Undergrad: 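Here it is, the structure in full.
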Amino acid sequence: MREVLPRLVLSPSLFLILLFVYGFIIYTGYLSLTDSRMLPSYELDGFGNYTKLWGQRNWLIALQNLAIFGILYIAICSVLGLVLAILLDQKIRGEGILRPIYLYPMALSFIVTGTAWKWFLDPGLGLENTMHLWGWESFTFNWIKDRNMAIYTVVIAAVWQSSGFVMAMFLAGLRGIDSEILKAAQMDGASRWSLYTRIVIPQLRPVFLSAFVVLAHLAIKAYDLVIALTNGGPGRATELPATFMYSYTFTRNQMGVGASSAVIMLAMIASIIVPYLYSELRERR
Amino acid sequence: MEKLLRAALYSVLILFAVYYLLPLFVMLVNSVKTLDEIRGGNMMSLPEVFTFEPWLVAWSKAQIGVEPTGLSPYFINSIMMVVPAVTISTALGALNGYVLTKWRFPGDKIIFGLMLFACFIPFQIVLIPMARVLGIIGMAGTTSGLVLVHVVYGLGFTTLFFRNYYAAFPDELIKAAKMDGAGFWRTFTRILLPSSGPIIVVTVIWQFTNIWNDFLFGASFADFDSMPMTVALNNLVSSSTGVKEYNVHFAGAVLAALPTLVVYVVSGRYFVRGLMAGAVKG
Amino acid sequence: QESVEVLHWWTAGGEAKALQVLKKDLESQGVSWNDMPVAGGGGEQAMTVLRARVTSGNAPTAVQMLGFDIKDWAGEDILANLDELAAKEGWDDVVPDALKDFSKHDGHWIAAPVNVHSTNWVWANKAIFDELGINQPTDWNELIAALDKIKAAGYTAVAHGGQAWQDATIFDAVVMATGGPDFYQASMIDTDPDALGSDTMKTVFDRMAQLRGYVDDNFSGRDWNLATAMVINKEAGVQFMGDWAKGEFLNAGKVPDTDFLCFRFPGTQDAVTFNSDQFVMFKVGEDRQDAQMKLASAVMSPTFQSAFNVVKGSVPARTDVPNDAFDACGKKGMAELAAANKKGTLFGSMAHGHSVPAGVKNAMYDVITAHFNGEYDSATAVEELVNAVESAQ
Amino acid sequence: MSFLQIDKVCKSFGTIKVLRDISLDVEEGGFLVLVGPSGCGKSTLLNTIAGLEKLTTGEIRIDGNVIDDLPPSERNIAMVFQSYALYPNMNVGQNIAFGLEMRGMPKDERDVKVRDVAKTLQIEHLLDRKPGQLSGGQRQRVAMGRALVRNPQLFLFDEPLSNLDAKLRVDMRTEIKRMHQTLGTTIVYVTHDQIEAMTLGTRIAVLKDGIVQQYGTPAEIYNDPSNLFVADFMGSPAMNLIPAVVRGNAVEMARTGENPLVLDFKQLPGDVAAYEGRNIIVGIRPEAITDADNRALVRDGQQAVTASCLIDVVEPAGADIFAITSLGGKEVVTRLHQDWSGQANQHAELVFNLEKVVFFDPESGIRLR
Amino acid sequence: MSFLQIDKVCKSFGTIKVLRDISLDVEEGGFLVLVGPSGCGKSTLLNTIAGLEKLTTGEIRIDGNVIDDLPPSERNIAMVFQSYALYPNMNVGQNIAFGLEMRGMPKDERDVKVRDVAKTLQIEHLLDRKPGQLSGGQRQRVAMGRALVRNPQLFLFDEPLSNLDAKLRVDMRTEIKRMHQTLGTTIVYVTHDQIEAMTLGTRIAVLKDGIVQQYGTPAEIYNDPSNLFVADFMGSPAMNLIPAVVRGNAVEMARTGENPLVLDFKQLPGDVAAYEGRNIIVGIRPEAITDADNRALVRDGQQAVTASCLIDVVEPAGADIFAITSLGGKEVVTRLHQDWSGQANQHAELVFNLEKVVFFDPESGIRLR
Ligand SMILES: Nc1ncnc2c1ncn2[C@@H]1O[C@H](COP(=O)(O)OP(=O)(O)OP(=O)(O)O)[C@@H](O)[C@H]1O
Ligand SMILES: Nc1ncnc2c1ncn2[C@@H]1O[C@H](COP(=O)(O)OP(=O)(O)OP(=O)(O)O)[C@@H](O)[C@H]1O
Ligand SMILES: [Mg+2]
Ligand SMILES: [Mg+2]
């Protein structure tokens with residue numbers, strides 16, 4: 001009896017998760033092997049969808065974009081988050097005001113801020129125009145219109161949204177470092193620079209790991225950001241796997257291809273998350 | 001020298017504050033301009049003619065569907081959905097965290113791993129099968145259906161938060177309660193729950209913002225009478241072939257974001273601290 | 001009480017007001033209206049929602065739908081049969097054949113068409129035309145000449161928003177203007193590989209590239225109404241856009257023929273490419289069928305068609321609606337629609353999903369947009385077009 | 001028959017054997033202290049008695065009744081934890097009353113009991129405070145109160161004083177001792193602290209790797225350790241364990257640059273004879289080596305040897321002076337009178353109380369008697 | 001001139017005065033121990049010496065040079081922290097070498113120095129390990145190594161042994177003592193542990209609320225406390241502080257149900273005369289009251305009084321037996337020989353060593369001499 005009750009309590013959640021997450025993953029896996037177009041069909045079709053998928057130029061672009069976006073996004077967020085956290089950790093007056101300012105973008109959805117960002121980045125309306133109006137005529141900032149640069153504007157907006165959150169994580173990490181270690185380093189004659197590069201940052205390794213996992217999954221799932229900002233354009237220049245999957249499944253009536261791209265995405269996520277989970281849960285004991 | 005450094009430090013921090021505030025500033029400034037001024041003017045400039053009209057329109061007059069209802073009725077819908085969804089997912093998360101840390105059994109880690117991985121699935125893939133299931137159990141298009149969906153996909157995070165929090169909760173307390181004769185439930189309700197303040201706040205904020213901001217599920221599974229705020233906002237801002245009233249859009253956007261903004265700013269400090277306790281440490 | 005639930009994406013002021021006419025009408029018959037608006041992306045969002053609704057077995061009574069989406073849904077055997085009502089009200093006689101192609105499936109009525117938008121319009125700033133002494137161009141060369149003039153005068157010649165569907169809207173017109181109705185039929189509707197890969201098609205792409213030269217640098221991602229605003233504000237000379245653009249002009253207080261001009265894309269004067277919003281009726285329980293029929297009937301009533309389309313900027317799907325309430329552009333549109341219907345030059349617009357299924361359409365979008373943004377030269381574009389269409393089918 | 005009988009108890013976590021065949025008996029009103037290095041299984045044994053862990057094999061009986069299958073709440077056992085484990089959300093009164101409440105005692109009755117216990121422990125004025133507002137010593141008292149109020153058959157204490165500072169620890173130790181004497185309840189008590197073990201226990205069990213090394217009265221454990229481990233483990237400063245060679249009835253301990261120190265016994269224990277000419281380990285506690293003026297530490301009739309030794313380090317410790325010399329290659333700690341006036345690096349006359357010397361086999365570590 | 005001079009140092013955090021007018025001198029090669037209750041400002045004082053905190057007023061001089069404005073790295077001071085503060089991301093060798101590296105010493109030179117220090121501390125085999133893989137004692141050694149390698153003018157230790165278990169603490173204590181004797185460096189050392197303070201320090205400063213209560217040699221502090229606070233604070237078990245009444249050259253301590261105990265002095269200290277017939281506090285350390293057989297604890301020529309007292313509690317503690325009796329309404333702890341064979345609740349003959357008795361004013365707590 002004592003042993004049964006806890007499992008009983010856990011079981012509704014487990015049931016929900018198994019059905020609604022893993023059941024659906026299996027379902028999607030199955031769909032990716034069928035000839036589903038507009039609505040699910042259950043006729044098996046082999047790996048046709050996968051061949052089709054990898055034949056799509058858009059898919060390759062999406063993957064390439066994801067690589068660019070993911071690397072930049074994760075790198076910039078981490079660096080910026082770390083720098084901000086370090087700066088904020090210098091006994092700043094007004095930290096209580098700055099911190100929520102850095103953090104609040106996480107609370108807003110891009111449904112809300114997308115238009116503002118689009119405006120801000122638009123050369124005709126936003127920053128460029130403003131600079132022109134303020135007299136800096138030669139200023140140009142038209143990345144959002146530039147096929148080669150548009151993906152970087154997605155990075156800018158995404159960094160805006162998440163870097164504050166990463167900052168908070170690093171701040172937590174910094175605050176957790178034993179103050180005696182910092183004192184010891186001072187006694188050892190470490191300059192502020194070597195204090196951080198040699199002593200503090202190496203100790204933040206676990207935070208880097210957590211931040212990486214959070215950011216990586218956000219990068220792979222990034223959807224409304226792109227839709228709100230560029231809707232995949234100019235051309236297909238900012239297509240990402242998530243937008244690709246959505247558009248093939250729901251607007252192009254190629255559900256099979258969409259499902260196969262979802263399976264690939266899941267595989268990518270799993271390849272990042274599973275090792276992390278494994279190490280985390282093993283360490284615990 | 002030291003002073004100079006300090007000044008530079010503050011300038012950098014304030015510069016970043018500006019970066020983070022810009023979009024909000026754009027929204028706020030343009031929500032109190034007239035449409036003409038927006039069309040002709042500088043996005044960053046302060047309004048020449050200050051008008052509160054767009055806010056009123058967005059709240060109570062804007063065309064969301066056929067009727068010019070404004071966002072207000074959908075606000076209510078969102079509340080009706082958010083409150084139970086947050087409550088239930090938080091409660092389940094707390095129970096799961098409790099069992100996974102204090103009533104461990106073989107395989108509990110695998111179960112936790114399964115729940116955690118669920119945080120990471122892209123939601124687009126569940127739309128179709130979820131719709132089917134909702135239809136089968138007769139919850140399609142209802143607020144309770146939406147609540148169910150949000151509970152399911154919030155479970156991973158709520159469980160994670162509570163698990164990490166309770167993991168730091170001394171096992172000796174549980175043992176003491178057992179010695180005192182408290183069973184599974186009473187230990188939970190009398191000992192753990194009353195001490196879970198910080199993590200409950202974190203979880204509630206997290207769930208609240210996520211559910212409040214959700215668009216995909218709201219659009220897909222809601223009915224005419226259960227449509228949440230975000231969907232209404234989307235109807236307001238992204239109508240396809242009509243005239244775009246940007247000032248109203250921005251006002252509406254800020255209105256829709258208001259609850260989450262308030263929540264973040266008011267309890268931001270608690271949130272960061274709780275996040276340390278519950279999430280960051282992995 | 002009887003009720004209907006209607007899924008649509010008409011949430012902007014004018015559109016919604018137009019729908020209210022319908023709502024009031026139904027309510028006067030004791031049928032309540034459950035509104036289910038889902039805006040965004042020309043109904044993309046709504047189609048996703050519809051899919052979820054249908055999958056969950058909770059289909060709405062009626063759904064606003066465009067072109068091939070209707071055909072796709074019709075294939076799923078979940079639509080209602082309106083034959084009885086159509087026979088009683090004689091829809092067959094008043095609805096153009098090209099529309100019926102979508103409203104009927106296997107010979108059965110499944111949808112009630114609301115309007116016809118024609119997409120091959122040119123919207124011009126009259127002040128600029130007058131100032132530069134430009135007449136309405138009637139063929140490609142005149143168009144280029146006019147655009148050159150406008151450009152030389154320092155205006156943006158073509159106001160355009162760089163979104164795939166806007167690119168494709170121009171493409172439709174250029175195909176029609178370059179190859180004529182038969183070529184349009186062969187390439188855009190029948191997707192005949194020979195037509196798609198023909199030299200004519202290469203010319204089409206060349207002309208697209210040529211037009212690209214008249215667009216300002218800042219076009220990418222711009223919403224169509226912002227482009228319209230450029231014409232209204234005398235920043236740009238012309239915009240190639242469907243008739244919904246008229247609403248923007250009217251809203252800004254402009255008057256047809258005095259402040260702005262509307263005319264067919266040069267070289268397509270006789271032909272009309274269209275898209276048509278229709279209310280597709282889904283199978284519902286017996287208790288709700290009566291209301292559904294009332295809705296269909298109301299949609300098809302001439303008064304509604306007139307009232308709605310006056311506001312919407314489009315023309316009625318029925319050809320027998322009196323044109324008294326319409327403005328100059330509207331009257332022109334109605335006349336030309338009727339003419340094209342008679343002449344057999346009324347074609348579904350590829351850009352708006354009325355000529356090919358969504359998959360093919362999007363494949364074409366990809367090529368057109370890529371080419372318009374300079375990723376392909378015209379020869380490659382032709383090649384890619386053939387490939388893309390083939391693999392999407 | 002003993003009151004608490006722990007009979008051949010084994011406990012494994014997975015494949016790790018944490019308790020191996022533990023048998024201990026405690027008479028009613030007895031005070032059993034468990035000591036041993038960290039990880040030796042002390043807490044695990046306590047948890048098995050409490051019912052918080054199921055034992056793998058063996059049996060535990062209280063008053064003759066096997067309790068192995070009873071849940072903790074039905075065993076009538078109270079436990080005080082190292083961290084006190086006070087419920088942080090309840091005030092002191094509620095903390096103490098919680099166990100009674102769970103057993104369904106009505107509120108007025110509870111209140112009376114809580115007030116009684118609080119009075120005994122002099123924490124009446126704290127009843128409305130939350131644990132977070134208490135000092136370490138006060139928390140400790142509340143934890144005791146929580147155990148006391150239930151009036152259990154058996155008390156378990158898991159290092160209850162280790163979180164207190166030295167001064168408070170001494171006070172609370174005395175208090176626990178007094179409580180035990182007043183109530184006469186049976187107690188099982190885990191500690192790391194030598195003095196606690198010696199002063200509180202009626203019996204001490206020394207554990208290592210889940211095995212009982214020795215079980216006996218404090219005096220037995222201290223004066224009569226059954227092996228090197230126990231000898232080394234109990235007592236602070238620890239017993240000096242000096243390698244020596246047996247020569248007839250004497251043992252010789254090497255010194256660098258001097259003649260060996262010879263301790264001449266009237267009669268060595270029987271076992272030692274077999275080691276003639278070979279190495280053994282000689283065990284002498286610091287207080288059994290003292291300065292010559294302090295001779296009376298060696299009581300009348302006890303054998304003693306006086307020798308001059310080179311003092312390496314002098315550590316005045318207030319009440320005593322610890323002087324360190326070197327014998328058999330080992331540092332040897334001696335305890336001298338606080339008024340002793342010798343210096344480091346000089347010779348001093350030291351008295352070795354031979355009655356207190358014990359011998360061990362150098363390989364097996366077993367005591368030679 | 002003293003080597004380290006702390007001259008009227010004050011330190012405030014905001015409005016809280018943490019150090020008030022502290023003046024302490026330490027000769028070269030001296031060993032100053034700071035003791036005092038938690039929060040009295042010990043760590044703060046250490047930090048000001050190290051330069052980790054700026055002092056508010058006052059001056060600190062080393063070798064005659066004022067160092068107040070030098071940053072920590074230029075003071076040539078090394079510090080060992082309670083938590084050891086090893087850099088977790090570096091191995092032992094890197095930890096030890098870090099200070100040298102920061103001072104720009106070339107790698108080969110560093111390696112030689114690190115190896116030397118590691119050899120001295122017997123941690124050569126650990127050089128490649130990370131701190132996480134070390135035991136408490138090993139970490140402690142590494143922390144010492146890090147300080148030693150820089151060959152500083154002054155060592156600061158902030159409770160360096162408090163995280164070690166009792167056994168290891170004793171060993172490391174001896175090692176620090178030896179290191180001090182070998183190197184002859186000046187040391188300032190903070191501890192909570194009485195024995196550490198007594199055995200290590202050449203001087204002890206007792207702090208309370210940021211004020212120096214007494215500054216002197218360990219023997220002075222222990223035997224000659226200047227007020228009640230110091231008397232009570234130093235020594236474990238603590239000094240017995242017994243209310244008594246002055247009658248001529250004797251003091252009387254009340255006993256329940258018995259005649260008062262009278263301690264008859266040859267000559268009371270001068271200050272005490274003024275208290276004739278009034279209350280004073282008599283301070284006697286536990287080891288100054290012992291059993292009659294243990295008389296030699298009272299050395300020749302020392303005054304002593306023998307009296308029969310009722311023993312309340314007996315606590316055998318291995319090396320000694322602590323017996324508790326009651327005088328002047330207080331529990332009085334006495335330290336008896338381990339072979340003493342009395343029982344609780346019986347009378348025993350106790351000897352009071354009058355040479356060791358001190359007196360205090362009951363109100364002000366000031367020592368009467
Ligand atoms: N639940 C458990 N699962 C697996 N191993 C455990 C568990 N609890 C304890 N152990 C192991 O059993 C051994 C004994 O643990 P126990 O806590 O009884 O030691 P202890 O003697 O109380 O030590 P300490 O003095 O440090 O409290 C340890 O090696 C520990 O790692
Ligand atoms: N940075 C600071 N800001 C404000 N107050 C401080 C700061 N550091 C210490 N204090 C206060 O100064 C007083 C002395 O602290 P300090 O750490 O020196 O005490 P301590 O004697 O070392 O105590 P412990 O024995 O507990 O280590 C305390 O009351 C503490 O709260
Ligand atoms: Mg333990
Ligand atoms: Mg301190």
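Order of the sequence lines fixes the chain letters, A, B, ..., with proteins taken first and strands second; residue numbering starts at 1 for each chain. None of the values given here were measured: they were computed from a predicted structure.
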Undergrad: For D:Pro72 and B:Met179, work out which heavy atoms get closest and say how close.
TA: CB-SD, 4.2 Å
Undergrad: Nearest 0.5 Å please: distance from the NZ atom of B:Lys175 over to the CG atom of D:Leu156.
TA: 11.5 Å
Undergrad: Within a radius of less than 6.0 Å around CE of B:Met80, do more than 12 heavy atoms belonging to other residues, nucleotides or ligands occur?
TA: no
Undergrad: I'd like to verify something: which residue of B:Ser195, B:Pro194, B:Ala176, B:Ala182 has the highest number of heavy-atom pairs under 4.5 Å with chain D?
TA: B:Ala176
Undergrad: D:Leu100 versus chain B, heavy atoms under 4.5 Å apart: side chain, backbone, both or neither?
TA: neither
Undergrad: Could you tell me whether D:Glu59 atom CD has more than 12 heavy atoms of other residues or ligands within 6.0 Å of it?
TA: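 Yes, CD of D:Glu59 has more than 12 neighbouring heavy atoms, counting only those of other groups under 6.0 Å.
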Undergrad: Are the charged groups of D:Arg150 and B:Asp180 less than 4.0 angstrom apart, N to O?
TA: yes
Undergrad: Can you tell me how far CE of D:Met79 sits from CD of B:Glu172, rounded to the nearest 0.5 angstrom?
TA: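 Between atom CD of B:Glu172 and atom CE of D:Met79 there are 7.0 Å.
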Undergrad: More than 12 foreign heavy atoms under 6.0 Å from CZ of D:Arg115: is that the case here?
TA: no
Undergrad: Can you name the nearest heavy-atom pair linking D:Leu86 to B:Leu173, along with the distance?
TA: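 Where D:Leu86 meets B:Leu173 most closely, the heavy atoms are O-CD2, 3.1 Å.
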Undergrad: So with a 6.0 Å cut-off around NZ of D:Lys177, is the heavy-atom count from everything else above 12?
TA: yes
Undergrad: Does any backbone or side-chain atom of D:Gln94 lie under 4.5 Å from a heavy atom of chain B? Answer side chain, backbone, both or neither.
TA: neither
Undergrad: Starting at CZ of D:Phe98, measure out to CZ of B:Arg190 and round the result to the nearest 0.5 Å.
TA: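 Reported to 0.5 Å precision, the distance equals 5.0 Å.
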Undergrad: As an exercise: rank B:Asp171, B:Ile191, B:Leu193, B:Leu192 by heavy-atom pairs under 4.5 Å with chain D and give me the winner.
TA: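 Of the options given, most contacts go to B:Ile191.
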Undergrad: In terms of heavy-atom proximity below 4.5 Å to chain B, should D:Ala50 be classed as side chain, backbone, both, or neither?
TA: both
